[in-house]
Amino acid sequence: MTDLAETRPVGVRDGEPSTASAEPLETVPASAAGPVTPAPGPAAEPAAPAPAPPVRSRAVRLLRLVAYVALPGELVLFVVLLGGVRIPRAVFAVFEVVLLALLLAEGLTYLRLRRRGLSRRAAVAELVPESVLRIMGHELRIMASLVRWVARRPVDVAGADAVFPHARDQAALMYGFAFVCLVESAGMSYLLADWPVVHGVVLVLDVYTVLFVLGLQAAAVTRPHTLTGDVLRLRQAAHVDVSVPLDRIASVRHELLFTHDKKAEGELNLAVGSQTSVTVELTEPVDAPRFFGAPRPVRLIRCHADDARALYRALDEAVTRVRTAPSPSPGPPPRA
């Protein structure tokens with residue numbers, strides 16, 4: 001459902017007639033133009049081949065395989081112990097020795113990769129799967145957002161020409177969800193009072209859940225949309241961060257939508273409170289990676305802002321300025 005829409009061609013100011021022509025340009029067939037002779041000059045050098053990605057050694061692959069088996073095994077052992085099942089000491093000792101050996105081997109391999117010239121990030125990426133790194137990075141950004149929220153320190157807004165918050169319309173929902181989690185934590189604490197170990201574990205999980213919900217809201221508050229120079233930066237919580245060059249924007253519309261097709265190809269819907277209010281169409285796709293890093297080219301982006309009209313006006317003026325900027329001077333003509 002569209003409640004309101006404001007659209008006009010990019011680069012045309014109010015009251016100015018459009019100078020675009022619908023007549024096609026004349027083209028000359030290649031056969032009529034005759035053969036094309038290359039201009040004399042030095043022969044082009046062949047492009048250098050792209051460097052091949054590093055091949056993981058057999059030791060790194062073996063460590064990953066052991067980690068895939070040992071870590072889930074440790075989790076199962078922990079759950080069984082919480083359930084009150086007695087485990088032979090020999091089995092428990094074997095699991096602990098395997099875990100310690102795995103940690104030691106991971107540390108030694110990390111040092112070896114560092115000596116080979118890899119950076120810290122690259123060395124860790126060799127040992128830990130990318131999906132695990134992305135999940136851990138997202139969790140850390142969520143928790144760091146709580147600190148930034150309390151300290152009133154938004155992320156990457158210094159030097160921005162305009163800042164557009166977008167977390168207001170979801171605040172009531174997030175605070176209500178956090179309150180429900182608090183009530184559930186109190187109820188579980190009362191029900192599990194006779195099982196101290198289980199009570200402690202569930203209490204830790206419940207507290208983390210409450211912090212995570214508040215962290216989602218904090219991430220939205222501390223990561224507003226920004227307009228800096230010739231780039232529009234659109235963000236959502238701690239998992240979406242897309243930079244859109246203004247010269248790729250074909251049109252901007254102010255329209256309020258409450259329904260979105262989540263499976264549509266080439267579209268990115270950054271809904272807040274199930275609504276978007278600004279639609280941006282692009283002439284060329286930009287990459288908006290998915291949560292686990294898979295590429296996602298998009299040509300249509302819908303987003304929301306607390307003051308959607310201000311975002312629309314600022315973006316329309318910025319795109320007009322970029323499109324109507326004077327071309328650089330070609331310089332003096334060459335002498336005869």
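Numbering of residues begins at 1 and proceeds along the displayed sequence.
- Residues passing the salt bridge (charged side-chain N to carboxylate O under 4.0 Å, His left out) test with Asp241, sequence neighbours excluded: Arg233.
- In this structure, a donor-acceptor pair under 3.5 Å is absent between the side chains of Ser119 and Arg114.
- Linking ILVMFWY residues whenever their side-chain heavy atoms come closer than 4.5 Å, directly or via other members, leaves Val98 and Leu108 in distinct clusters.
- Here the side chain of Thr226 pairs no donor or acceptor atom with the backbone of Val163 at under 3.5 angstrom.
- Both Leu127 and Val132 are part of a single hydrophobic cluster, where members link through side-chain heavy atoms under 4.5 Å apart.
- Residues Arg153 and Thr222 form no side-chain contact, since every pair of their non-hydrogen atoms from C-beta on lies 4.5 Å or further apart.
- Annotation for Leu216 and Gln170: closest pair O-NE2, 4.4 Å, computed over non-hydrogen atoms.
- Closest approach of Ala219 to Ile142, counting heavy atoms only: CB-CD1, 4.2 Å.
- A salt bridge links Arg253 with Glu281: the closest approach of a Lys/Arg side-chain nitrogen to an acidic carboxylate oxygen falls below 4.0 angstrom.
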Could you walk me through whether Val240 and Leu234 pass the side-chain contact (heavy atoms from CB on, under 4.5 Å) check? CA-CA 8 Å; Val240 177; Leu234 301 174; over 6 Å; no

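- Under a 3.5 Å cut-off, the side chain of Asp230 and the backbone N or O of Pro245 do not form any donor-acceptor pair.
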Intermediate values then yes/no, side-chain contact (heavy atoms from CB on, under 4.5 Å), Asp306 and Val272: CA-CA 10 Å; Asp306 295 346; Val272 177; over 6 Å; no

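- Hydrophobic clustering, with ILVMFWY side chains joined whenever heavy atoms are under 4.5 angstrom apart, groups Val252 together with Val286.
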Could you go through the side-chain contact (heavy atoms from CB on, under 4.5 Å) check for His225 and Cys303 one step at a time? CA-CA 9 Å; His225 306 316; Cys303 62; 4.2 Å; yes

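- No hydrogens or angles considered: nothing links the side chains of Thr276 and His304 as a donor-acceptor pair under 3.5 Å.
- Nearest heavy-atom pair, Val231 versus Leu246, reported as atom, atom and distance to 0.1 Å: N-CG, 4.0 Å.
- Between Ala218 and Ser145, the closest heavy-atom pair is CB-O, 3.5 Å.
- Between Arg321 and Glu317, no side-chain nitrogen of the basic residue sits less than 4.0 Å from a carboxylate oxygen of the acidic one, so the salt-bridge criterion is not met.
- With contacts defined as side-chain heavy-atom distances shorter than 4.5 Å, the pair Leu300/Leu282 does not qualify.
- Both Tyr208 and Leu182 belong to a common hydrophobic cluster when Ile, Leu, Val, Met, Phe, Trp and Tyr are linked at side-chain heavy-atom distances under 4.5 angstrom.
- Separation of atoms OG (Ser243) and CZ (Arg248) is listed at 11.0 Å; rounding is to 0.5 Å.
- Between Trp149 and Gln217, the shortest heavy-atom distance links the atoms CH2-CG, 4.2 Å.
- A distance of 12.0 Å separates CG in Leu140 from CD1 in Ile135, rounded to the nearest 0.5 Å.
- One hydrophobic cluster holds both Leu203 and Val213 under the rule that ILVMFWY side chains link at heavy-atom gaps under 4.5 Å.
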What do the steps show when you test Asp307 against Leu311 for side-chain contact (heavy atoms from CB on, under 4.5 Å), and what is the final call? CA-CA 7 Å; Asp307 191 348; Leu311 174 59; over 6 Å; no

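- With rounding to the nearest 0.5 Å, the separation of CZ in Phe177 from CZ in Phe212 is 10.0 Å.
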Verify side-chain hydrogen bond (donor to acceptor under 3.5 Å, both in side chains) between His199 and Ser189, making sure each step is shown before the conclusion. CA-CA 6 Å; His199 172 267; Ser189 179; 2.8 Å; yes

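- Put simply, CG on Leu214 and CE on Met143 are 9.0 Å apart, with the number rounded to the nearest 0.5 Å.
- For the atom pair CD of Glu184 and OG1 of Thr209, the computed distance is 7.5 Å after rounding to the nearest 0.5 Å.
- Although no hydrogens or angles enter the test, the distance criterion places a donor-acceptor pair under 3.5 Å between the side chain of Asp287 and the main chain of Arg296.
- The closest side-chain heavy-atom distance from Ile301 to Val298 is below 4.5 Å.
- Not one N or O on the side chain of Arg223 forms a donor-acceptor pair closer than 3.5 Å with the backbone of Arg235.
- Of the inter-residue distances, the one linking Cys181 atom SG with Leu205 atom CG reads 12.0 Å to the nearest 0.5 angstrom.
- Around atom OH of Tyr175, more than 12 heavy atoms belonging to other residues, nucleotides or ligands sit under 6.0 Å away.
- Looking only at side-chain heavy atoms (C-beta outward), Phe164 and Pro224 stay at 4.5 Å or farther from each other.
- The ring-ring contact (aromatic ring centres under 6.0 Å, His included) pairs that include a residue from residues 96-144 are His138-Phe291, where partners are two or more places apart or lie in different chains.
- Of all heavy-atom pairs between Ser185 and Asp206, the closest is OG-CB, 2.9 Å.
- Of the candidates Gln236, His260, Arg302, Asn269 forms a side-chain hydrogen bond (donor to acceptor under 3.5 Å, both in side chains) with just one, namely Arg302.
- Between the Arg141 side chain and the Ala238 main chain, a donor and an acceptor come within less than 3.5 Å of each other.
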